[in-house]
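Data first, discussion second: the structure below is written as structure tokens.
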Protein chains: 2
Amino acid sequence: MVDVARHAGVSLKTVSRVVNGEPTVNAGLAERVLASIGVLGFQRNQLASTLRAGRRTGTVGLVIEELANPFYSTIASVAAEVAAQHDTMLITASSEEDPDLERRLVFDLCSRRVDGLLLVPASGDHAYLRPEVDMGVHVVFLDRPGGGGLEADTVLIDNRGGARAAVDALLAKGHRRIAVLLDSTGVYTMRERLLGAREAMESVDAPLTVVEGVANPDDAARAVAGLLDGPQPPTAFFTVNNRLTVGAVGELWRRGDDAELAGFDDFELAHLMPRPLTVVAYDTRAMAGRATEMLFERVRGERAAARTEVIGTRLVARGVRR
Amino acid sequence: MVDVARHAGVSLKTVSRVVNGEPTVNAGLAERVLASIGVLGFQRNQLASTLRAGRRTGTVGLVIEELANPFYSTIASVAAEVAAQHDTMLITASSEEDPDLERRLVFDLCSRRVDGLLLVPASGDHAYLRPEVDMGVHVVFLDRPGGGGLEADTVLIDNRGGARAAVDALLAKGHRRIAVLLDSTGVYTMRERLLGAREAMESVDAPLTVVEGVANPDDAARAVAGLLDGPQPPTAFFTVNNRLTVGAVGELWRRGDDAELAGFDDFELAHLMPRPLTVVAYDTRAMAGRATEMLFERVRGERAAARTEVIGTRLVARGVRR
DNA sequence: TTGAAAGCGCTAACAG
DNA sequence: CTGTTAGCGCTTTCAA
């Protein structure tokens with residue numbers, strides 16, 4: 001800016017005014033400044049401007065499990081889109097489900113002075129965020145509630161209700177031997193979905209076969225195979241996420257078994273799966289959109305008590321029928 | 001830092017040394033400083049530190065078409081992962097295929113003083129980047145070459161070779177009435193793929209039916225239907241990206257038509273598609289990984305002439321067989 | 001409307 | 001090993 005000022009024969013401050021589009025600048029001077037900027041190839045350093053002004057950096061951080069996962073990339077996409085509407089850019093970071101890494105990423109983002117943080121919690125305790133929040137960083141939790149007594153806006157999926165509805169639908173079709181496949185109950189969403197399935201079964205007083213530790217599609221295929229080859233095979237399956245659903249579809253299709261299948265999460269090519277299934281669908285974009293909007297409301301100064309919003313689910317028939 | 005210094009009874013510079021882990025600090029003093037930092041909840045402002053030191057900001061920008069697309073989210077995921085290995089964070093921005101928006105995003109990222117830029121070009125002319133490059137911002141092009149005479153490292157897919165191989169495979173099976181479905185030839189990758197298909201057909205001196213303007217799966221389904229219902233229906237189709245492939249699969253399956261199908265791009269559930277197909281697969285992660293590594297080589301000072309690397313493709317049989 | 005001076009939070013250079 | 005001073009690039013006083 002000093003160079004531009006010298007080149008244009010004005011003061012530093014005038015250059016600053018022009019660059020920031022302040023109206024109180026003589027048109028002639030402004031033109032000279034603009035010309036000098038063009039000649040010298042000056043570009044304003046936005047980092048420096050936020051320093052002195054103590055104002056927003058125009059960045060928000062998003063901490064998710066893993067960007068390659070379509071669920072999270074949808075969230076990131078919406079967050080970036082909404083952020084762009086507020087003239088801010090999105091820094092994404094993957095926590096890989098590691099609470100310690102999450103913490104480090106959050107600190108790093110804060111040291112870069114993000115205006116806000118969108119967090120899909122990997123850890124159960126967010127007390128460590130207290131100082132940052134007190135320093136003015138706004139936080140919104142997404143998909144899972146934050147823990148550790150930190151009050152913050154939160155947007156969740158109706159995991160329990162969705163799972164209950166799915167299993168209710170299986171029950172309504174007369175199934176009584178139902179098996180649920182899940183990874184671990186260590187994750188909030190999975191715990192809720194299992195609870196929902198349990199609630200449905202309890203309402204008809206039927207037992208639920210629960211297979212834990214099913215971590216990926218192959219595991220799911222093996223679990224389905226094991227159950228079908230065992231005594232009293234289930235007549236219906238409920239898978240708690242789309243990766244397990246895909247594994248179950250593959251195995252059921254391979255065997256030509258017509259057990260009923262319902263799964264949490266819709267997925268892109270569900271309609272082309274080689275057998276019928278039912279999925280619990282929800283609007284990921286709406287969830288991410290609301291969360292990001294809430295974040296910017298806070299950034300703009302909203303002071304209301306922490307709010308929690310829940311996004312509903314619906315059952316959808318998928319797979320090809322012949 | 002001033003507050004911490006006062007609280008610990010040391011100078012500002014000593015606090016700076018402790019915070020930056022410089023070894024030349026008395027252990028006792030360092031401890032006192034650390035204690036004060038804990039008490040006051042001090043957190044270093046990384047933005048301010050890069051200002052004075054004039055050094056790297058530890059951020060790189062990624063400009064892609066649209067983060068929600070699995071292809072791009074894979075790229076973003078790898079870029080973020082590699083960046084993390086270099087202690088830097090990734091800012092992602094979507095250009096929505098708009099050259100003007102791309103330009104604005106690039107300028108914005110530069111004004112945030114990113115150390116480097118990973119670009120999937122939306123525009124054909126990147127001469128506007130010249131001043132930024134001269135100012136020290138490193139640029140690597142990804143998936144598509146940059147235009148406008150800007151020499152920069154580039155990583156591409158072997159689009160032409162992959163398409164030629166796919167169509168060659170159709171020809172080898174005896175097909176001579178082959179139709180190719182594509183969106184527009186305005187995009188480099190699509191142009192190359194069409195060229196590859198043409199090359200294959202020319203080698204046997206057979207004509208190629210080309211349907212342009214097929215923008216989405218539904219378009220692809222309609223195009224397939226139209227061709228099959230027309231005179232001299234094709235016995236094989238080549239779709240130039242996975243969205244069109246999916247549309248074609250759906251329509252062929254719906255009709256029970258056993259025309260041969262080959263498509264560019266593998267996709268996640270291709271193995272569960274309800275009919276056989278062949279896809280041109282390639283390693284997106286490798287492409288993004290190499291591009292990001294090249295970027296950091298530049299950031300670290302590599303000065304060699306601009307390099308172009310091409311990632312190979314392979315044909316893979318997909319879909320369920322019965 | 002314009003400009004001079006101070007200062008944002010930090011680090012480099014140089015003393016001590 | 002520790003501290004002082006200047007200054008990164010910009011914006012905010014406040015005076016002209």
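Since this is a predicted model, take the numbers as computed values, not measurements. Here is how names work: the chains are called A, B, and so on, in the same order as the sequence lines, proteins then strands, and each is numbered from 1.
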B:Glu151, CD atom: more than 12 neighbouring heavy atoms under 6.0 Å:
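Incorrect, the count does not exceed 12.
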
Give a yes or no on whether A:Glu31 atom CD has more than 12 heavy-atom contacts from other residues, nucleotides or ligands under 6.0 Å away.
no

Minimum heavy-atom separation for A:Ala76 to A:Leu90, with atom names?
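Reported closest heavy-atom pair: O-CD2, 3.5 Å.
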
Which pair of non-hydrogen atoms, one from B:Arg112 and one from B:Thr57, has the smallest distance, and what is that distance?
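Taking B:Arg112 first and B:Thr57 second, the nearest heavy atoms are O-CG2, 4.2 Å.
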
If you compare every side-chain N and O of [X] against the phosphate oxygens of [N] (OP1, OP2), does one of them come in below 4.0 Å?
{"X": "A:Asn45", "N": "D:dC8", "value": "no"}
{"X": "B:Ser16", "N": "C:dC10", "value": "no"}
{"X": "A:Ser49", "N": "D:dC10", "value": "no"}
{"X": "A:Ser11", "N": "C:dA4", "value": "no"}

Tell me the interatomic distance from [X], atom [atom1], to [N], atom [atom2], rounded to whole angstroms.
{"X": "A:Glu22", "N": "D:dT13", "atom1": "CD", "atom2": "C1'", "result": "13 Å"}
{"X": "B:Gln46", "N": "D:dC8", "atom1": "CD", "atom2": "C1'", "result": "16 Å"}
{"X": "A:Leu47", "N": "C:dT11", "atom1": "CG", "atom2": "P", "result": "14 Å"}
{"X": "B:Leu51", "N": "C:dC10", "atom1": "CG", "atom2": "C1'", "result": "8 Å"}
{"X": "A:Arg56", "N": "D:dC10", "atom1": "CZ", "atom2": "C1'", "result": "19 Å"}
{"X": "A:Leu12", "N": "C:dA4", "atom1": "CG", "atom2": "P", "result": "10 Å"}

Ranking A:Val10 and B:Asn20 by the position along DNA chain C of their nearest nucleotide, the one closer to 5' is A:Val10

Taking the side chain of A:Ala48 as heavy atoms from C-beta outward, which of D:dT4, D:dC10, C:dT2 is closest to it?
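Given the options D:dT4, D:dC10, C:dT2, the side chain of A:Ala48 is closest to D:dC10.
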
Picking from C:dG3, C:dG9, D:dG3, which would you name as closest to the side chain of B:Arg52?
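The nucleotide sitting nearest to the side chain is C:dG9.
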
Name the nucleic acid region contacted by A:Arg17, choosing base, sugar-phosphate or nothing; use a 4.0 angstrom heavy-atom cut-off, strictly under.
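If one applies the 4.0 Å heavy-atom cut-off, A:Arg17 turns out to touch a base.
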
At under 4.0 Å between heavy atoms, what does A:Val2 touch on the DNA or RNA strands: base, sugar-phosphate, or nothing?
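No contact.
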
Please give me every residue in residues 23-44 of chain A whose heavy atoms get under 4.0 Å of an atom in DNA chain C, ordered by residue number.
A:Thr24, A:Val25, A:Asn26, A:Leu29

Side chains of A:Tyr188 and A:Asp143 only: does a donor on one sit below 3.5 Å from an acceptor on the other?
no

Would you say the base of D:dG9 and the side-chain of B:Arg113 have a donor-acceptor pair closer than 3.5 Å?
no

Side chain B:Lys13 and base C:dA12 donor-acceptor under 3.5 Å:
yes

Quick one: are the ring centres of A:Phe141 and A:His126 less than 6.0 Å apart?
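Ring centroids of A:Phe141 and A:His126 are less than 6.0 Å from each other.
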
A:Thr189 versus A:Ile157: any side-chain heavy-atom pair under 4.5 Å?
no

